[in-house]
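All heavy atoms count here, side chains included; hydrogens, waters and symmetry mates do not. Proteins get letters first, then strands, A, B, ... in listed order; numbering begins at 1 in each.
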Amino acid sequence: MTDKAPTAPKIALAPRTHTTPPAKFSHGVRKGNILQVAGQVGFLPAEEGRPPTLAGPTLREQTLQTLANVRAVLEEGGATWDDVMMLRVYLTDVDHFAEMNEIYDAYFEEQGLTQPPAARTTVYVGLPPGLLIEIDALAVLG
Amino acid sequence: MTDKAPTAPKIALAPRTHTTPPAKFSHGVRKGNILQVAGQVGFLPAEEGRPPTLAGPTLREQTLQTLANVRAVLEEGGATWDDVMMLRVYLTDVDHFAEMNEIYDAYFEEQGLTQPPAARTTVYVGLPPGLLIEIDALAVLG
Amino acid sequence: MTDKAPTAPKIALAPRTHTTPPAKFSHGVRKGNILQVAGQVGFLPAEEGRPPTLAGPTLREQTLQTLANVRAVLEEGGATWDDVMMLRVYLTDVDHFAEMNEIYDAYFEEQGLTQPPAARTTVYVGLPPGLLIEIDALAVLG
């Protein structure tokens, strides 16, 4: 007997709505009760033959689409917002903080969480042109 | 029998010293043996009727207060520095790296760790005006 | 009976090839089945009496050395790329994204993964002069 956990496979989480990643990474992975969502941005659901397309140029459009994309990966892995421990929010402009918080709070109000909200870190970085927000998530299921 | 872990609640960690977060997120959450601390900054312990107030304008003041704030969340969740796996340090200025390391090392020297120090990543980002440092932490208890 | 996991020690992961960290942090730590790799950069294997030295000035040299350094920490902890859940890639220039992806994909093609690739977030930050890339990793073993 050792304290080694039973071997769990690593499962790729690739919602059908999602565009193909630009490199060999997964939109999400789950192994045992740990689920990691890759950095999501405000791309609309994929359509064949169309390149990745932003939900729109505004912070509101991109934030809501980004959160929808994070949620789709969580659901693909059998998780919900209630399982999320940490959200990392990357903005490009400090002046977007207050508006992002308003959108964020209204969004989670609607999601009907039954457990405490996740922890969060928000920092201001560079992102590819046109992108105003990126979010990734760590969840623990069970 | 499955390898599903027993259901553990997600517990919000909100030290009484902490200011209210500016959005619907938790200063920390614990679920089972995983504890995540949200990005902490150099705010002094909350006082009723006073808005969040920095410990001071200097890197030293803010780094020490930020570490104290991370520690308070860890303790609220039953963890100590020894349980911390990863610290993410966000600075605003590359020129602050050496001084932050001095303060960091002296601080942890005083904490009397009994286990190896956490891993760490330091990057340089934008933060709201006046903030020189932000730190978050992932801990595994037990 | 409680649902408390058996106590696992936190083990520092310090490959002999690695330069000494500039502060009291570990290049990697493992506790139970969780392994965290600290932010790695493109430093060549350490040589006594030589300060930390970059593999070269180019994105290609630094990316490949950085990935080798992440891998060395994983292996020190008994893990492989297959165990990695999340890679955080920090670049300094948005214009490096496409080239980094090419290098990244070719590298992982050669690694012969048997499980899905890790999730990933890439953001653009400041790094100390000369550094073009930094990468850290979270792995779940077993």
Using a strict threshold of under 4.0 Å (side-chain N to carboxylate O), is an ion pair present between R88(C) and D136(A)? yes
Given that the side chain runs from C-beta out, which part of V73(A) has a heavy atom under 4.5 Å from chain C: side chain, backbone, both or neither? neither
Looking only at atom types and distance, does a side-chain atom of K24(A) sit under 3.5 Å from a main-chain N or O of P116(C), one as donor and one as acceptor? no
When you measure from the side chain of T121(C) to the backbone N and O of A38(A), does any donor-acceptor pair fall under 3.5 Å? no
Most chain A-contacting option - heavy-atom pairs closer than 4.5 Å, from Q115(C), E109(C), M85(C): M85(C)
Using a 4.5 angstrom heavy-atom cutoff, name the option from A14(A), P128(A), G126(A), G39(A) with the most pairs to chain C. G126(A)
Heavy atoms of other groups near R50(C) CZ, more than 12 under 6.0 Å: yes
From CG (L138(C)) to CG (L138(A)), nearest 0.5 Å: 7.0 Å
Any side-chain to backbone donor/acceptor pair from Q36(A) onto A119(C)? Under 3.5 Å, distance only. no
Please round to the nearest 0.5 Å and tell me the distance separating atom OG1 of T92(A) and atom OH of Y124(C). 13.5 Å
Shortest non-hydrogen pair, D105(C) vs A23(A), comes out as OD1-CB, 3.3 Å
Hey, could you give me the CZ/CG distance between F25(A) and N101(C), rounded to the nearest 0.5 Å? 7.0 Å
For L127(A) and V94(C), which heavy atoms make the closest approach, and how far apart are they? O-CG2, 3.8 Å
Examine whether an atom of I11(A) lies under 4.5 Å from a heavy atom of chain C, and if so say whether it belongs to the side chain, the backbone or both; otherwise answer neither. backbone
Shorter than 4.5 Å, heavy atoms on both sides: which option in D93(C), D82(C), L113(C) has the most such pairs with chain A? D82(C)
Can D83(C) and K31(A) be counted as an ion pair, charged N to O under 4.0 angstrom? yes
Do the side chains of Y90(A) and V123(C) get nearer than 4.5 Å, heavy atoms only? yes
